[in-house]
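Heads up: numbering here begins at 1 and tracks the sequence.
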Amino acid sequence: MDHFAAQYRRLRSLLAVFLPPEITAALMPLARPALRLGADGEAPVRLGGAPLLPPDETWPQWNGRPLDFLGAIDFADLAHFGDIPGLPSSGRAAFYYASETPRPWGDEAAQQDGWRIYTGDLKETVPPSGASAYPQTRLSAAPFLSLPSPQEISMRRLEATHSGFLTVYEQLHAVWSQHASPDESPAHQLGGWPALVQRPIGPDVLYASTGRPLDSLRPPPLSPDEQRAVEEWRLLLQLDSDERLGWYWGDPGRIYFCARPNDPLERSWLTLQAA
């Protein structure tokens, strides 16, 4: 079963009504399969709850305080959705973050111990004193086609060659996003294009992960080679502020775990955006 074929057809029909054929043709390949984590779906996902760690692994710390367990993803449970670029096809991963203030924003290399991903053989463990415990929340994964936010570099390039495109696209993006997620639940997501709070995350992740501190007000200066390399960084997991779990990272506020295709998940980079 192709979980995305019908959505591709609906998206093409929507774009064709409002955009010239050459822009529709340019946009369609940019749509990325993704999984929305919410109340309705076809595969279970667990956030919060009992923490998981590899056997004999010490509890991760950042600046002398324990990280907090956010949840675990069993990618084998998601395999029936087919290939979703950026997501493994098997295995489990446990996600940790120093979620309480002061928290890492992922804007410099010195913060990279402020989050952690563990894979392989994972066992339930007892959190140490000082680690925040979040209630187990069962969600379900549902497939949807994600579109690049109007702020993304690829959309700016289209605007440069088709003046006025972005004015229309901003409305189409809002309509499609509402179609993909009709309720107002937190925007938890696996794979696809991130739902941005501020600016594109790819340039920030590339810049900070190579040892250069970010300026929070200005996009990072990238060389032409780095601008091409930004495309290698893909969203792995997006976690939104969520009252059910006791997460509050801004209004709105979201954390994004990002990875490159040939890197182990343990080398993922995190960035936080908040209004």
Are [X] and [Y] packed together at the side-chain level, in the sense that at least one heavy-atom pair is separated by less than 4.5 angstrom?
X	Y	answer
Leu236	Tyr256	no
Gln273	Leu196	yes
Arg267	Ser209	no
Leu237	Gln189	no
Pro127	Trp59	yes
Gln238	Leu235	yes
Tyr207	Pro219	no
Ile84	Leu190	no

For [Y], is there any backbone N or O sitting under 3.5 Å from a side-chain donor or acceptor partner on [X]?
X	Y	answer
Glu266	Tyr118	no
Ser268	Leu265	yes
Gln227	Leu222	yes
Gln151	Gln198	yes
Ser241	Trp249	yes
Thr161	Glu159	no
Glu124	Pro51	no

Query raised in the report: For the rings on Trp269 and Trp115, is their centre-to-centre separation under 6.0 Å?
Result: yes
Do the side-chain N and O atoms of [X] and [Y] include a donor-acceptor pair separated by under 3.5 angstrom?
X	Y	answer
Glu42	Ser140	no
Arg212	Thr210	yes
Ser223	Asp225	no

Looking at [X], I'd like to know if its [atom1] atom is crowded, meaning that more than 12 non-hydrogen atoms belonging to other residues, nucleotides or ligands lie closer than 6.0 Å.
X	atom1	result
Arg138	CZ	no
Glu22	CD	yes
Asn262	CG	no
Arg10	CZ	yes
Asp40	CG	no

Query - Working for salt bridge (Lys or Arg N to Asp or Glu O under 4.0 Å), residues Glu152 and Arg32 - result: CA-CA 14 Å; Glu152 295 285 358; Arg32 293 178 180 174; over 6 Å; no
Query raised in the report: Is Ile117 linked to Trp233 within one hydrophobic cluster, defined over Ile, Leu, Val, Met, Phe, Trp and Tyr using a side-chain heavy-atom separation of less than 4.5 Å?
Result: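 In one cluster: yes.
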Report task. Walk me through it: do Leu87 and Ile73 pass the test side chain to side chain contact (heavy atoms under 4.5 Å, CB included)? Result -> CA-CA 11 Å; Leu87 299 188; Ile73 304 295; over 6 Å; no
Query raised in the report: So among Thr271, Asp240, Ile201, which one has a side-chain contact (heavy atoms from CB on, under 4.5 Å) with Arg254?
Result: Asp240
Tell me the closest heavy-atom pair linking [X] and [Y], and the distance in Å.
X	Y	result
Ala275	Val197	N-CG1, 3.7 Å
Pro194	Ser149	O-OG, 3.6 Å
Asp204	Pro220	OD1-CD, 3.2 Å
Glu226	Leu206	O-CD1, 3.7 Å
His3	Pro143	CB-CG, 3.8 Å
Ala142	Gly41	CB-CA, 4.0 Å

Query raised in the report: Passes side chain to side chain contact (heavy atoms under 4.5 Å, CB included), Leu27 versus Met155? Steps please.
Result: CA-CA 9 Å; Leu27 279 173; Met155 299 298 95; 3.7 Å; yes
Report task. Walk me through it: do Leu11 and Leu147 pass the test side chain to side chain contact (heavy atoms under 4.5 Å, CB included)? Result -> CA-CA 10 Å; Leu11 176 60; Leu147 285 176; 3.8 Å; yes
Query raised in the report: Once the angle between the rings of Tyr169 and His173 is folded into 0 to 90°, is it parallel (under 30°), tilted (30 to 60°) or perpendicular (over 60°)?
Result: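 Answer is tilted, since the angle falls between 30° and 60°.
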Report task. Flag the pair Glu57 and Arg116 as a salt bridge only when some basic side-chain nitrogen lies within less than 4.0 angstrom of an acidic carboxylate oxygen. Result ->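 Looking at Glu57 and Arg116, the cut-off is not met.
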Show which side-chain atoms of residues 92-100 pair as donor or acceptor with protein atoms under 3.5 Å away, not counting sequence neighbours.
unit_1, atom_1, unit_2, atom_2, d
Arg92, NH2, Leu122, O, 2.8
Tyr96, OH, Leu52, O, 2.6
Tyr97, OH, Pro104, O, 2.7
Ser99, OG, Asp68, OD2, 2.6
Ser99, OG, Tyr134, OH, 2.5
Glu100, OE2, Ser132, OG, 3.3
Glu100, OE2, Tyr134, OH, 2.9

Requested in this report: Report the C-alpha distance between Arg46 and Leu139 in whole Å, list the side-chain angles of each, state the deciding distance to 0.1 Å, and finish with yes or no for side chain to side chain contact (heavy atoms under 4.5 Å, CB included).
Outcome: CA-CA 6 Å; Arg46 177 174 67 92; Leu139 302 175; over 6 Å; no
